Every structure is written in structure tokens, then in C-alpha cells.
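The structure under discussion appears below in the form of C-alpha cells.
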2 protein chains.
Amino acid sequence: MSKSQSVSMTDIARHLNISQATVSYVLSGRASGSVSEVTRKRVMEAAQEMGYRRNRAAQALAGHGSHIIEFCVTGFYPSYYGQILEAFDVELRSTPYELHIVNPVFSNEKEWGFSKGDWPIDGVIADTPLPEDMLASLKQRGTPVVSVGLFTHTETDHVFVDMTPALLEGIRQLAAHSRRVAFVSMWEPHPVTVGYRQDSRYPAYSQVMRETGLKEEMIIAHESEGLSQRAVAHQTVRDYIAQNGSPDAFFCFNDERAIGTLAALRDMGIRVPQDARLLGCDGIEDSAYHSPAISTIQYPFAEVARLSWQFLLNRIKNPDVPLQSATLTAQLVQRASSAP
Amino acid sequence: MSKSQSVSMTDIARHLNISQATVSYVLSGRASGSVSEVTRKRVMEAAQEMGYRRNRAAQALAGHGSHIIEFCVTGFYPSYYGQILEAFDVELRSTPYELHIVNPVFSNEKEWGFSKGDWPIDGVIADTPLPEDMLASLKQRGTPVVSVGLFTHTETDHVFVDMTPALLEGIRQLAAHSRRVAFVSMWEPHPVTVGYRQDSRYPAYSQVMRETGLKEEMIIAHESEGLSQRAVAHQTVRDYIAQNGSPDAFFCFNDERAIGTLAALRDMGIRVPQDARLLGCDGIEDSAYHSPAISTIQYPFAEVARLSWQFLLNRIKNPDVPLQSATLTAQLVQRASSAP
DNA sequence: TTGAAAGCGCTAACAC
DNA sequence: GTGTTAGCGCTTTCAA
């Protein structure tokens with residue numbers, strides 16, 4: 001492995017015959033008031049010429065704060081991830097902080113001696129529930145955590161997205177004109193979880209089925225190695241219909257599955273919305289561009305990013321503020337796919 | 001800002017009344033053969049109990065290598081970014097390396113004294129051309145760089161994706177049955193660039209227009225603040241058709257613009273492929289799921305990730321290997337949208 | 001088998 | 001104004 005040829009402050013100091021501390025003062029701009037203009041100029045020029053770049057690892061080690069925000073999320077694709085990441089990225093653009101994306105599922109594996117991502121961090125944003133031990137260790141060391149989305153930890157700062165009202169509204173509309181409303185889900189119905197909020201999609205679906213006296217029809221399109229969510233949904237729904245005939249309404253766990261379902265229906269010659277109606281969830285951009293446009297529950301990407309960054313920054317600057325939490329209410333977006 | 005409460009090796013050493021070096025031996029697993037089993041056990045247990053986590057900044061500073069791979073790309077969304085990022089993420093999952101995503105456009109701004117992303121890095125993968133000065137400074141310090149995709153630097157290791165054959169094939173097919181073939185582009189035609197490869201979409205389009213004697217029709221759908229690529233294309237193409245009547249074929253700069261164009265055509269009551277045919281570029285997953293399915297030039301995401309990671313790792317381990325380069329040839333994927 | 005000590009590049013308190 | 005000095009948490013000789 002090649003030795004890194006970086007230019008250090010010491011190099012500049014030696015070159016200029018001054019002390020390294022002075023170089024630090026100038027380059028960090030911290031006590032630059034107490035450095036003569038002449039020296040300042042010389043340092044800046046030397047830094048430029050010699051190609052100096054700071055070493056953030058050293059800076060973080062010596063000083064306080066790394067300006068790293070660890071963003072816990074389970075992938076970069078599909079678009080839900082892309083859109084939430086983009087929203088946070090935009091939010092941090094005008095700050096000195098930067099996103100360090102970590103997948104808690106894999107980073108926690110102790111395969112490499114220790115997990116990836118053990119950088120000194122100033123805070124974490126969790127778009128997915130954190131493992132118990134990770135949460136505990138963050139708490140112990142006093143690292144600010146904001147948890148975000150549908151599965152927020154209730155004991156950390158959080159921005160919760162409440163889909164229940166929109167979910168009930170949307171599924172009720174589906175049910176109002178249908179005999180069979182299927183739920184294209186990701187999982188079998190869940191036992192109730194603790195420590196963070198329960199996913200509200202199945203409960204909402206189940207409630208409406210009870211209200212209307214319709215029978216629950218679960219179509220489970222799991223995560224699958226090497227297959228996209230929409231590909232799995234496509235196939236699963238096609239098989240399901242072949243075996244069971246078609247429901248006349250589909251509520252899908254997310255827009256990915258809604259898109260896959262739409263493809264399946266097209267394959268089977270079932271027209272949307274005339275023969276079967278469709279409701280997705282998340283509000284990724286794609287849902288609006290399909291034909292027919294897919295009705296969905298709109299996740300407020302930008303607002304989530306804005307608010308949670310505000311919470312996090314607030315706590316970084318002032319660790320002792322009381323628990324910050326907010327609830328954003330997702331909206332039902334009616335489009336052609338669910339028109340009665 | 002709260003003082004970080006982390007447990008250090010020194011803490012463990014003090015607790016166990018041994019030297020910090022020994023703790024390092026055990027915990028890093030480096031010279032663990034030469035540490036007694038008893039000591040090893042005690043250290044491991046203490047580390048566990050006290051909640052030790054390594055400090056990668058310190059590790060990187062003291063040792064060699066940070067295991068950070070800087071991935072230069074200009075965003076997380078739309079899906080092209082998501083898919084390329086996901087492909088690399090998968091590739092690195094089984095290694096101790098991790099991706100640090102940096103947008104060279106913004107990271108290079110010197111607004112905070114220095115740019116973001118000045119971490120010690122073991123290598124960089126560039127999905128977008130790097131600014132001259134960044135490239136020079138990487139070269140100077142001997143950091144391995146692999147440049148990737150359609151705009152590869154020719155003087156670094158690179159994995160180039162050649163779209164030209166597929167492009168020519170696709171556009172020729174479009175032209176063969178049409179009187180007006182428009183190019184829904186991102187930019188006005190470019191002057192020739194140096195140092196890295198020229199984008200081949202306009203040249204291919206232009207060549208086919210010359211071959212067939214058809215007139216070039218450029219529809220420019222720029223990047224636009226706060227509007228997605230497909231939204232801009234949607235609007236731009238709609239306006240264009242309203243003013244100029246409709247071409248009977250559209251070659252689009254990427255699938256995002258193809259999706260936007262498809263929406264515009266739908267708005268205008270122009271049927272695809274009967275009245276107008278459509279060809280996209282990139283091969284993002286979405287393109288396959290639209291109706292009609294959109295023909296496209298398939299970017300080989302997984303192969304690019306696999307090959308370029310191989311190149312990079314190779315050079316990290318052996319800095320003096322001769323220039324590594326490969327060309328992957330993109331394939332035309334014919335789907336309903338361009339059926340004659 | 002273990003410990004002492006130097007040093008990675010930087011910050012920050014303090015002395016001159 | 002500028003230099004001296006002591007770390008930050010870790011790796012890595014070199015001695016013991």
C-alpha cells in the first residue's frame with residue numbers, strides 16, 4: 001500500500017520556518033485575528049502551492065465534532081430510498097455537515113473485527129429501527145439521534161409520519177365499491193412490537209375489512225434475493241390471480257408493489273380501474289407517471305428532512321433540550337388507478 | 001456540545017491494569033498470537049462490558065488505510081443514481097470497505113474553509129468527471145482512482161460503457177420508419193471535451209440524421225431547480241408539440257426524459273408506438289414497467305460495479321500495476337415503445 | 001508474553 | 001503575534 005503523500009501543517013510550517021500551531025490558526029481560521037496579515041498570506045499561499053488538504057480524521061480526533069451525520073437506511077434503491085436520501089442531502093448542502101450512509105443490518109456484523117461505520121459522529125438519523133444494542137450504545141455516549149418515518153423510536157427525538165388517516169380513507173374508498181380487497185404486503189401480519197411504532201398498514205387494512213365485513217386477502221410479496229420488489233409483486237400477484245381469480249381492489253404495501261401489481265393486472269388483461277382498482281403507498285415520483293396514474297399515500301419527504309434536521313441540529317447545539325417530536329400526517333393522493 | 005463518553009483502549013487497559021498496547025493487540029487482532037489466551041479473554045470481556053467501540057478516525061490516523069472509498073456522484077435520485085449506488089453497495093458488502101458518497105460539485109466549494117469529504121481515503125470511484133484540481137491532487141498523493149461510466153477519465157483506471165453501437169442501432173430503427181426524429185436532450189450540442197470521453201448520445205443521433213437525410217430536431221429539457229427531469233421533459237415536450245406538431249419518433253437522453261415524454265404524448269392523445277415511437281437510455285428499472293414498456297439502452301450496472309471494484313482493489317493492493325481499463329458495451333433493449 | 005514510548009495530523013491552552 | 005506543549009485514540013517498533 002502506497003504511503004500517502006499528503007502535505008501536512010507541519011510540512012507547511014517547516015517550509016515557512018514558523019510553528020505548526022500558527023499554520024493551524026491560519027488554516028482553521030480560528031484564532032486568525034491574532035496572526036499578522038503577512039504571516040497569514042504566506043501560509044495561505046504556501047498551502048495553495050503545496051497542495052495542502054486538511055485531514056478530517058486528525059481534526060475530528062483532536063477537536064470536537066466530526067460533522068458526520070450517520071444516516072441509517074437499508075439501501076439506495078428503490079426510489080423510496082433515493083428520494084429520502086436526496087431530501088436529506090439537499091437539506092445538508094448548505095451546512096458543514098455531511099451524510100454518512102450506513103445500513104445497520106450489515107454494518108453491525110462483526111465480521112471485520114468491528115462494524116463498519118465506527119467513525120466519530122455528531123449525530124444519527126434513523127430511517128429504520130435501530131438494533132437495541134446500537135441504540136443503547138448511542139445513548140450511553142450521548143450521541144444525538146433523530147428517528148424518522150413510519151417506525152420511529154419513541155424514546156428518541158423523532159419525526160413520525162402518520163399514515164393512518166389517509167390509509168383508512170383510501171382503503172375505505174377501495175372497499176366501498178368492491179367485493180374483494182386484497183392487501184399486497186411485504187410480511188405476514190406482525191406481532192405487536194415495542195420500543196418503536198407499529199407499522200400501520202396492516203392494522204388499517206384489517207380495520208376496514210372488519211368495518212365492512214369483507215374478508216382479508218393477503219398476498220405476500222417478500223423481499224427476495226436478487227429480485228426487485230416490483231418484480232416479486234408482479235410474479236406473486238400474477239400467480240395469485242391465476243389460482244384465486246382476481247380481487248377487484250388491491251391495496252399495496254408500497255408503490256413498488258403497486259407498480260408490480262399493475263404489471264400483473266395488465267398481463268392478465270384486467271383493466272385498471274375498470275375491473276380492479278389500485279392504491280399504493282409512499283408517493284414515490286414513479287407512481288404519478290404510470291398509466292393509469294397510481295393513487296397513493298404521499299410520504300412528505302422534504303418536510304421530514306427539514307424537520308428532522310432541525311431537531312438534530314438543535315440537539316447537537318444544545319444536548320439538554322427536552323424530547324423533540326413531531327407528527328406529520330400523510331395525505332391520500334387520488335389518481336386514476338382508484339377511481340370508482 | 002456534549003463531550004463524547006466513548007470508552008477507549010486506554011480505559012480498558014487501566015481497568016485491567018495492563019498496557020494499552022496489549023489491548024490494541026487483542027482488539028485489532030493483529031499480534032493476537034503473541035498475547036496469552038487469559039489476557040485475550042479478559043480484554044475481550046472488558047471491551048464487551050464497557051461498551052468499547054473502536055474510533056476509526058484514530059485508527060486511520062495511526063495506521064494505514066481508512067477503508068473509505070469515496071464515490072463521486074451528483075445525487076441519490078433519480079433512479080440511475082440509486083441503481084448505480086446500490087450496485088456498488090452490494091459489491092462492497094462482503095469487504096471491509098465502505099462507500100463515502102461525495103458530490104464533487106458541492107463538496108468542492110470552499111465555503112467552510114475546506115471542502116467536505118477531506119477524509120483519508122483509500123480510493124475513489126468517479127461516476128462523473130472530476131474537476132481538474134481534484135484529479136491533480138489525487139494523483140499527487142497517489143490515491144487510486146477508477147473512473148466509471150460514460151464519462152471516464154482516460155488517464156486513470158477506468159471502466160467505460162460504450163453506448164455507441166446500441167445507440168446507432170436504436171436510432172437507426174427509429175429513423176427507418178419515421179419522418180421526424182427528435183432528440184429530447186439535456187444540453188445543447190456540446191463542444192468537444194478533452195481529458196475524458198465525449199458523451200456519445202448527440203453524436204450518434206447526429207450521425208444517423210446525416211445518414212438518413214433527416215433534419216435534427218432538438219428538444220432541450222434542462223436540469224431545473226426543484227423540478228424532476230421527467231417533469232421538465234413532460235412540460236417541455238408538451239410545449240414543443242403544441243408549437244411544432246409532433247415528431248413521429250423521440251430519442252431521449254435518458255429514461256427519465258423518456259418517461260416524461262411518454263406522459264406528454266399521452267396528454268396530447270398521441271399513441272405510442274402507433275403514432276410516435278420512443279427510445280430511452282440507461283435502462284433503469286422503471287423503463288420496463290411503463291405502459292407501453294419503454295425501449296432503452298441498458299447500462300450494465302452490476303458489471304460496472306463488479307469490474308471497477310476489482311480494478312480499484314487491485315490498485316490499492318498493488319499501486320504499480322499498469323493502467324487498467326475495460327470497455328463494456330451497452331445493449332439495445334427493444335420493447336413495445338419503439339415497435340415499428 | 002507484555003510494556004514503554006514514539007508518532008500519525010491536528011487543536012487549544014498557555015507562555016513568551 | 002508567535003512558539004511551546006500537551007494531548008485526542010490508536011498502531012507499531014523496540015525492550016524487557
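Since this is a predicted model, take the numbers as computed values, not measurements. In what follows, chains are A, B, ... by sequence order, proteins preceding strands, each numbered from 1.
Residues A/Asn55 and B/Glu37 each lie close to DNA chain C; by heavy-atom proximity, the contact nearer the 5' end of the strand is made by B/Glu37. When each of B/Thr39 and A/Gly63 is assigned the nucleotide of DNA chain C bearing its nearest heavy atom, the one mapping closer to the 5' terminus is B/Thr39.
Here B/Ser19 reaches the OP1 or OP2 of C/dG3: one of its side-chain N or O atoms lies under 4.0 Å away. Checking the phosphate oxygens (OP1, OP2) of C/dC10, no side-chain nitrogen or oxygen of A/Arg54 falls inside 4.0 Å. Between B/Ser6 and D/dG9 there is no side-chain N or O to OP1 or OP2 distance below 4.0 Å. At the phosphate of C/dC10, neither OP1 nor OP2 sits under 4.0 Å from any side-chain N or O atom of A/Ser28.
Between B/Leu61 atom CG and C/dC10 atom C1' the separation is 8 Å, expressed in whole Å. For B/Arg40 and C/dT2, the CZ to C1' distance is 16 Å, given to the nearest whole Å. Here the P atom of nucleotide D/dC8 and the CD atom of B/Gln20 are 11 Å apart, to the nearest Å. For the pair B/His67 NE2 and D/dC10 P, the computed distance is 17 Å after rounding to whole Å. For the pair A/Leu27 CG and C/dC10 C1', the interatomic distance rounds to 11 Å; values are reported in whole Å. Atom P of nucleotide D/dG1 and atom CZ of A/Arg42 are separated by 16 Å, given to the nearest angstrom.
Closest approach to the A/Arg30 side chain among D/dG1, C/dC8, C/dT11 is made by C/dT11 (side chain taken as heavy atoms from C-beta onward). Comparing atom distances between the B/Tyr25 side chain and each of C/dT1, C/dG3, D/dG3 picks out C/dG3 as nearest. Side-chain atoms of B/Thr22 lie closest to C/dG3 of the nucleotides D/dC10, C/dG3, D/dG3. Closest to the side chain of B/Ser24, out of C/dG9, D/dT11, D/dG3, is D/dT11. Side-chain atoms of B/Val35 lie closest to C/dT2 of the nucleotides D/dT2, C/dC10, C/dT2. Closest approach to the A/Gln59 side chain among C/dT11, D/dG9, C/dG3 is made by C/dT11 (side chain taken as heavy atoms from C-beta onward). For A/Ala21, taking side-chain heavy atoms from C-beta onward, the closest of the listed nucleotides C/dT2, D/dT2, D/dG3 is D/dG3. The nucleotide whose nearest atom lies closest to any side-chain atom of B/Ala62 is, among D/dC10, D/dT4, C/dG3, D/dC10.
No side-chain donor from either of B/Arg197 and B/His153 sits under 3.5 Å from a side-chain acceptor of the other. Side-chain contact annotation: A/Thr74 with A/Thr128, donor-acceptor N/O pair under 3.5 Å absent.
Ring pair B/Trp309/B/Tyr97 is perpendicular by interplanar angle, where above 60° counts as perpendicular and below 30° as parallel.
In this structure B/Phe76 satisfies the ring-ring contact (aromatic ring centres under 6.0 Å, His included) test with no other residue, sequence neighbours excluded.
Taking the six-membered ring for Trp, B/Tyr299 and B/Tyr80 have ring centres closer than 6.0 Å.
At most 12 non-hydrogen atoms from other residues, nucleotides or ligands lie less than 6.0 angstrom from CE of B/Met44. Residue B/Gln48 qualifies as open at atom CD: its count of foreign heavy atoms under 6.0 Å is 12 or below.
Across residues 8-16 of chain B, not one residue has a non-hydrogen atom less than 4.0 Å from an atom of DNA chain C.
A cation-pi arrangement is not found for A/Arg30 relative to A/Tyr25, the charged atom failing to lie both closer than 6.0 Å to the ring centre and inside a 45° cone about the ring normal.
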